[in-house]
Amino acid sequence: MFPKNTWYVACTPDEFEQAPLGRKICNESIVFFRDEEGRVAAVEDFCPHRGAPLSLGFVRDGKLVCGYHGLEMSRTGHCSSMPGQRVKGFPGIKTYPVVERHGFIWVWPGDASLANPEKIPHLHWAESPDWAYGGGLYHIHCGFRLMVDNLMDLTHETYVHASSIGQPEIEEAAPKTSVNGEEVVTSRTMENIPAPPFWQAALRGNDLADDVPVDRWQICRFTPPSHVMIEVGVAHAGKGGYDAPADAKASSIVVDFITPETETSIWYFWGMARNFKPEDDQLTATIREGQGKIFAEDLDMLEAQQRNLSTYPDRQLLKLNIDGGGVQARRIIERLIAEEQATAETTLKKVGSA
Amino acid sequence: MFPKNTWYVACTPDEFEQAPLGRKICNESIVFFRDEEGRVAAVEDFCPHRGAPLSLGFVRDGKLVCGYHGLEMSRTGHCSSMPGQRVKGFPGIKTYPVVERHGFIWVWPGDASLANPEKIPHLHWAESPDWAYGGGLYHIHCGFRLMVDNLMDLTHETYVHASSIGQPEIEEAAPKTSVNGEEVVTSRTMENIPAPPFWQAALRGNDLADDVPVDRWQICRFTPPSHVMIEVGVAHAGKGGYDAPADAKASSIVVDFITPETETSIWYFWGMARNFKPEDDQLTATIREGQGKIFAEDLDMLEAQQRNLSTYPDRQLLKLNIDGGGVQARRIIERLIAEEQATAETTLKKVGSA
Amino acid sequence: MFPKNTWYVACTPDEFEQAPLGRKICNESIVFFRDEEGRVAAVEDFCPHRGAPLSLGFVRDGKLVCGYHGLEMSRTGHCSSMPGQRVKGFPGIKTYPVVERHGFIWVWPGDASLANPEKIPHLHWAESPDWAYGGGLYHIHCGFRLMVDNLMDLTHETYVHASSIGQPEIEEAAPKTSVNGEEVVTSRTMENIPAPPFWQAALRGNDLADDVPVDRWQICRFTPPSHVMIEVGVAHAGKGGYDAPADAKASSIVVDFITPETETSIWYFWGMARNFKPEDDQLTATIREGQGKIFAEDLDMLEAQQRNLSTYPDRQLLKLNIDGGGVQARRIIERLIAEEQATAETTLKKVGSA
């Protein structure tokens, strides 16, 4: 189960530059393309003619042409033309609310009548020239909750990412978790510690000494359905930590959009936004490569964990203080799912009594 | 579901020249080999001793020897000998009516008592020195009906085979479908059009100009259970088209035998028979290679279509005029299946009341 | 179904020298490691914290540390520590009786209260300096009964291993099977026959002529749950066969421990123990390599047989004289399973009435 009446990151614009993109999201097979005005469109990936995936076709004049027999599909889900056919009575296919914003394509896989673009999260770093962003996409065979857990409990860095961002001091610093409406915040600060290799490099990238003690922070912010933004950084020790002046710290935002594909697989959009040297594309590429390697270290663990949990679905897991962020995030997720189901039942009853 | 009381192409003789051939056909695991007289034999691929596949064994003096413990199986499905054993009381295994004809091995996967070799289709091109044949085999993960649809609606050539046999004029020419007993014929003619690359090459191969307008025809003939012979060709425009004299045209028969392996996979025997330059083996090889590449273009589409349809089994598809051939062919297929089931039930009732 | 209240070979010590070893045995996911005293330990491969496999972690001071968030597991199945946590109330995980003996790790996957190390079979060749042993491990997708059948009916050597240990004389010599309590013995002797290639090499390895007639013997001994020790050898003909003096024969013990992974897959520990030239490590390596190649010849057949039997689970197989060893072994296996179930039910009733 996943919330469906919500915005998920579906893809990035480059993914359907050359050809339409077929992607399953929340068990819905969707194809993304650009219409004649250059706007992104999202329709079912199923040709109403003979069931071929439309994503195997091509785009012509803003219409999606089926690669099997040439049925031409518009962004409205209606067949606009087909060689030798009168298409007026053709059945339509499902369309999905879709918005291009902040460098991502956002899709609403649930009830289209409820979709409100205002609810797409505002990403200040995506719109400001003071910030640079680099990121990537991993396809992982684990349920989306496991990835949320992973990101809301950074204790795992000590073990999974020991050679880059992990350090023993992480697990020695107890995290604090708070819930503000639908936002869950888990934060941890470490004072007067050595900087691990990734942050040494970031300090150097920001023209700062990398061999002096630092204060380090991690502030994980979950918002539904499954976005986790993590403010991370180090400052030279005693300069104010998180609040230190810009010339005494290196900081950034770890960006995580987790989009369910099925119950046990996800599209994981990861990246890093930084507000130092934003014009330095080489630095962006270097950080992106390093982050990609670090985040790849999680894949085996997450997939093995999923296999274990699928084998023992009824087994109770521990909920420690370090799991507080994940536990609270799941509560919000489950509440949203329950609300969706209640709404759906109410609607059914209304229809039934009408 | 597939018709089982019918002849299917099982394999070609070269496939069991070196060793017995195990192949699943209509969900029956069958092993093919040659007996002591050189006749093809077909028995269950299951050794009655310990269940090993007999196809992992070898042929000795026309008997199939199990490669595990040496049980020797005759073409009648009875164990003929086994080292150190008295085999008289050994249980037999199922045999399948099988005939070698027209360069193919034909098998009857259903009720053996109904098998009549007279019902194997006559392939005049396979027996005449005026014709040459070249072909191949693809294993495809789609139901056999989808391949019949594919071949009875050549509109797809415009899209799937755009660089070889496809051209826009195909979809502009409406096809005509007729049903004659168990035969379905869908035909299409295009006049005064440019020849696409494949036919330009064929014209050259037949020592004809390739840069002049042509009349083109496609006559698809479905016969049960799932054979599709397609008369195809081009003639220099105005010379009579299909009826043009031999020195003004290049024509051939696209040969398609579709043999179900399971509900969602097939053995697809494809080839081309031509009645020009039949002695030119190099031309046969060239055509075979070209056709193989063209037909391989269908595989991804068919398998993706099958996945979509398996996901949405109850979804209704369109039945347009271009689909007429496939629709009529399916009607015949479903009628044959229903007749087989009715026969089987009658037989059961008779047995029950006896 | 498999006996679970019994000792199986789980692995060899080298397999968890560098890192903990995760292995599924009788459907139980188990991780093996060494504790602080160097003793082997076996616990469930499931971290009670978040369900990650503990086998992805590492060993520190004899404790198994989860590679995700650092929970530290002791050999008792209790969490010994976790950074920043009070672990006293943490739930434990299952432990398995485990013993290192005779060069193997033995595990008891069933009711731990019944485990008695005295019941681990005594392997005299593993403890004596007069013997050398070399072996390996294959993972095979077949049920463990099929491997027992394979080893208790060496007729298959004639077919599966024709170029090494097979020879027609094997199938001409009828085997004799006897049952002594829980041991099944199937033996076969062949007199005055040529030595097949493997045994020619063994004769040479033992400084004996390889081109003279030999007497050959095979004595297969099954003991529960699924161990098969096979005394094999050749002696120069007329010297007494099995009882010939050491300087007239080459003999060894084929060692087979078959450990179920699931109903249709096994861990197959194979090897050979010999009592000639035990100090010759090069000879051990040569024999091991040869045996490995020979035993690999069985894999395809066993896996294909399993697929056939899974497709037709209700089909009756033949039980010939050559199958006597396997048939008797299976009877003992099924009796042990039935006894285990009866014990489990009695225990449940007692608990219920208490």
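Just so it is clear: chains get the letters A, B, ... in the order the sequence lines come, proteins before strands, and each one is counted from 1. These numbers were taken from a predicted model, which means no experiment stands behind them.
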So among C:Trp106, C:Tyr268, C:Trp270, which one has a ring pair (Phe, Tyr, Trp, His ring centres under 6.0 Å) with C:His227?
C:Trp106
Please check this pair: side chain of A:Lys4 against backbone of A:Pro109, looking for a donor-acceptor N/O pair closer than 3.5 Å.
no
If you count heavy-atom pairs under 4.5 Å with chain A, which of C:Ala52, C:Gly57, C:Ser55, C:Gly22 comes out on top?
C:Ala52
So what's closer than 4.5 Å to chain C heavy atoms on A:Arg315: side chain, backbone, both or neither?
side chain
Contact leader toward chain C among A:Asp149, A:Thr155, A:Asp323, A:Val160, where contacts are heavy-atom pairs under 4.5 Å
A:Asp323
Can you tell me which portion of A:Ala304 sits under 4.5 Å from chain C's heavy atoms? Options are side chain, backbone, both or neither.
both
Atom group of A:Ile170 that falls short of 4.5 Å from chain C, counting heavy atoms
neither
Think A:Arg188 forms a cation-pi with A:Trp217, using NZ or CZ under 6.0 Å from the six-ring centre and within 45 degrees of its axis?
no
I'd like to know if C:Glu28 and C:Lys94 make a salt bridge, using a cut-off of under 4.0 Å between side-chain N and carboxylate O.
yes
Is it true that A:Lys293 and A:Glu297 have a side-chain N and a carboxylate O under 4.0 angstrom from each other?
no
Checked C:Pro91, C:Gly84, C:Cys66, C:Pro53 vs chain A; the most non-hydrogen pairs under 4.5 Å come from C:Pro53
